[in-house]
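Notes follow the structure.
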Amino acid sequence: MIDIKKLRENFSNVQASLKKRGYDLNEESFKSIDEKRKTLQVEVETLQSDRKKYSSEFGKLKAADKDTSKLKETIDLINTDLEQKDLSLQELMFSLNNLLLDIPNIPDESVPEGISEEENKVISQHGSVDSTNKLNHLEITKKIDIDLAAKLSGSRFAVLKGDLSKLQRSLITFMLDTAIKNGYEEYYVPFMANEESLIGTGQLPKFEEDLFKASDKLYLIPTAEVPLTNLYRNEFINEKDLPIKLTSHTPCFRSEAGSYGKDTKGLIRQHQFEKIELVQITQPEQSMKCLQDLLANACEILDKLELPYQIIELCTGDLGFSSAKTFDIEVWMPSQNKYREISSCSNFTDFQARRANIKFKNKDGNHYAHTINGSGLAVGRCLIALLENNYNGSDSIKVPSCLIQYFGSDTIKIN
RNA sequence: GGAGAGUUGGCUGAGUGGUCGAAAGCGCCUCCCUGCUAAGGAGGUAACUGGGCAACUGGUUCGAGGGUUCGAAUCCCUCACUCUCCGCCA
C-alpha cells in the first residue's frame with residue numbers, strides 16, 4: 001500500500017511514477033473522495049467531541065440530582081446527526097482504502113523505464129552456455145512422469161521417481177544449508193494462509209484468481225514469502241535486531257489462471273512446485289543494499305551448481321504489483337535455447353510493511369520497515385536446468401560437486 | 001466432538017457504567033550518582049489518525065462486529081482466536 005500522505009502532498013509526482021509502470025491513477029476520483037473525507041471527518045469529530053463534553057456534564061447533573069431533560073435533548077440531536085454522518089464517513093473511508101489497496105508500488109528512481117519485458121536490462125551473464133543438447137527434460141528422462149500426475153490430479157502436475165525425487169530433495173537441502181550459512185534463519189511454516197496474511201504481502205484482494213482457495217478462510221500459499229513475511233505482521237521490531245533474515249522451503253501452489261497454453265510441457269509451469277524463499281526485513285536506508293545481498297545469495301546457488309545464468313533488471317512496465325525494484329535471475333535452458341526465470345528478487349520498500357503493519361523502533365520513534373525477498377531458488381526449474389545442462393547425451397546426468405554430499409553419487413542414471 | 005477459562009499498552013498484569021487511554025511491575029529513553037560495569041536515585045515512555053504554517057488541538061482504539069445507555073474496557077448478543085481437561089487421532 002502506498003502512503004496516502006504522498007498522494008495528498010505530491011499527487012502528480014506519484015501519478016507520473018506510476019505512469020512509468022503503466023498504471024493510470026485518476027486524480028479526480030482520488031481528490032474528490034479525499035476532499036469529501038476531510039470535510040466529513042472534521043464534522044464527525046467535532047460532533048463526537050461535543051457529545052463527550054455534554055455527556056460528562058450530564059453525569060455531573062445526574063450526580064447533583066438536577067434536571068437533565070434539556071441536556072438530553074441536545075445530545076439526542078447530536079447523536080442523530082452523528083449517526084448519519086459517521087455512516088457516510090465510513091463508506092468514504094472504505095472506498096478510499098479500496099482505492100489504495102489497488103494501487104501498485106511506486107518504482108524506484110533507478111529502475112529503467114519501459115513498457116514490457118522487452119525492455120528489461122541484462123545486468124550480467126555467468127558461465128558459458130552450451131546448446132548441443134536439444135532434448136528437453138521430459139525427453140531425457142522418464143523419471144519425470146506427467147501422465148501419472150494427470151491420473152492423480154490433472155494437468156500441470158508432475159510425479160518424480162527414484163533418483164529424480166532424491167535429486168530434488170538434495171537440491172532443497174543444499175539450498176537451505178546455503179541460506180543458513182548466509183545468515184538466514186530456517187522456518188517450517190504452514191502451507192495455508194488466511195486472508196489477512198495474503199493482503200499483507202499483496203496477493204489479495206487484487207489477485208485472488210491466481211490462488212487456490214482451500215476453504216472459506218484459507219488459501220494455499222503461492223510462495224513462502226507469504227508466511228515468512230507475515231511472521232512479523234503487526235509486530236514492532238527492535239532496530240538492533242535488523243536486518244531479519246528468514247528462509248523456508250515450502251511447496252508453492254498457483255492456479256496459473258490466464259496462462260493456458262503457456263509452458264504446457266513438463267515441469268516449467270506447475271500448479272505445485274518446491275521453492276526455497278529468502279526474506280529480509282530491514283531499515284529503509286539499508287534495503288537496496290539488502291536487495292543486492294539477497295540477490296548475491298541466490299546467485300551463489302547457481303554458481304555452485306555450475307549452471308549458466310544471467311541477471312536482468314526488470315523495467316518499470318514489468319515490475320510486479322508490490323515491487324519497487326526487481327532483479328530476475330534466469331538460468332540457461334538448452335532445449336529452449338534461452339534463459340528462463342528461476343528467481344525473482346525484489347525490494348518492496350514499505351509497501352508490504354504498510355499493509356502488514358511491520359514496524360521497527362528506534363530513538364526517533366516507529367517506522368515502517370522495508371521488506372525484500374526472492375527465491376533461492378525455484379527447485380523444479382533448477383532440476384530441469386541440471387538435467388538439460390548436465391546431460392551426457394546418452395544415459396546419465398552429471399551431479400555437480402556441491403550436491404554430491406547430499407545426493408550420494410556423482411552421476412544419475414536417467415532411465 | 002464435549003466441558004470449562006481467557007483475549008487490556010513493547011511485555012507481564014490490575015480494572016468500580018462517568019474522575020480510565022487505563023494501576024502496578026518489567027523493558028526502554030533522559031538525567032544524577034559513584035573510575036568502568038553492576039546496583040541505586042529523579043523524571044519520561046501506547047498506537048493510529050484528523051485539523052493547523054506553527055505553537056497547539058481534536059478523534060479512534062482494551063480480540064472483531066453488533067446492541068443497551070446521555071455515556072461502555074466494564075452490561076447483553078454474535079463471531080474469531082488462545083489455553084486447560086475429556087474423547088478421537090498421525
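Since this is a predicted model, take the numbers as computed values, not measurements. Here is how names work: the chains are called A, B, and so on, in the same order as the sequence lines, proteins then strands, and each is numbered from 1.
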What would the secondary structure line of RNA chain B be in dot-bracket form, counting Watson-Crick and G-U wobble pairs under 3.5 Å, with [ ] for pairs that cross earlier ones and | for pairs with another strand?
-> ((((((((.[[[..)..(.....]]]((((((.......))))))((((((....)))))).[[[[[..)....]]]]])))))))....
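If you take atom C1' in B:A47 and the same atom in B:G40, they sit 33 Å apart, rounded to whole Å. Going from the C1' atom of B:G27 to that of B:A80 covers 30 Å, rounded to whole Å. For the P atom pair drawn from B:G87 and B:G2, the interatomic distance equals 15 Å after rounding to whole Å.
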Would you mind building the protein contact string for nucleotides 48-60 of chain B? One character per nucleotide, 5' to 3', B for base within reach (heavy atoms under 4.0 Å), S for sugar-phosphate only, - for untouched.
-> SSSSS-----BSS
Classify every nucleotide of nucleotides 73-79 of chain B by which part a protein heavy atom approaches to under 4.0 Å, writing B for the base, S for the sugar-phosphate alone and - for neither, in 5'-to-3' order.
-> -------
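Remark: P of B:A47 and CD1 of A:I358 are 18 Å apart, rounded to the nearest angstrom. One can place CD1 of A:I78 at 17 Å from P of B:U69, the figure rounded to the nearest angstrom. Across the protein-nucleic acid pair, A:L87 atom CG and B:G65 atom P stand 15 Å apart, rounded to whole Å. Residue A:K361 contributes atom NZ, which lies 9 Å from atom C1' of B:C28 at whole-angstrom precision. The separation between A:K72 atom NZ and B:G71 atom P is 8 Å, rounded to whole Å. Rounded to a whole Å, the CZ atom of A:F58 is 13 Å from the P atom of B:A72.
Within 6.0 Å of CD in A:E117 there are 12 or fewer heavy atoms belonging to other residues, nucleotides or ligands.
Shown here are the side-chain contact (heavy atoms from CB on, under 4.5 Å) partners of A:D67, two or more places apart in sequence or in another chain: A:S69. By the side-chain contact (heavy atoms from CB on, under 4.5 Å) test, A:D76 is found to be paired with A:K72, residues two or more places apart in sequence or in another chain being considered. Under the salt bridge (Lys or Arg N to Asp or Glu O under 4.0 Å) criterion, A:E256 pairs with A:R269, sequence neighbours left out. Take A:K142 and apply the salt bridge (Lys or Arg N to Asp or Glu O under 4.0 Å) test, not counting sequence neighbours, and it matches no residue. Remark: A:Y406 engages no residue in a ring-ring contact (aromatic ring centres under 6.0 Å, His included) (not counting sequence neighbours). Listed by chain and residue number, A:Y188 satisfy the ring-ring contact (aromatic ring centres under 6.0 Å, His included) test with A:F191 (two or more places apart in sequence, or in another chain). Residues satisfying the salt bridge (Lys or Arg N to Asp or Glu O under 4.0 Å) criterion with A:E185, sequence neighbours excluded, are absent altogether. For A:E208, the salt bridge (Lys or Arg N to Asp or Glu O under 4.0 Å) partners at least two apart in sequence or on another chain are A:K213.
Aromatic ring orientation, A:W332 versus A:Y339: perpendicular (interplanar angle above 60°, classes split at 30° and 60°).
Only at 4.0 angstrom or more do the heavy atoms of residues 237-244 of chain A sit from any atom of RNA chain B, so none qualifies.
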Please lay out, stage by stage, how A:N105 and A:T349 fare under the test side chain to side chain contact (heavy atoms under 4.5 Å, CB included).
-> CA-CA 8 Å; A:N105 201 357; A:T349 60; 3.1 Å; yes
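Checked against the 6.0 Å centroid criterion, the rings of A:F407 and A:F174 do not qualify as a close aromatic pair. Taking the six-membered ring for Trp and the full ring otherwise, the centers of A:F212 and A:H271 sit less than 6.0 Å from each other.
Between A:K325 and A:E313 there is a salt bridge, since a side-chain N of the basic residue sits under 4.0 Å from a carboxylate O of the acidic one.
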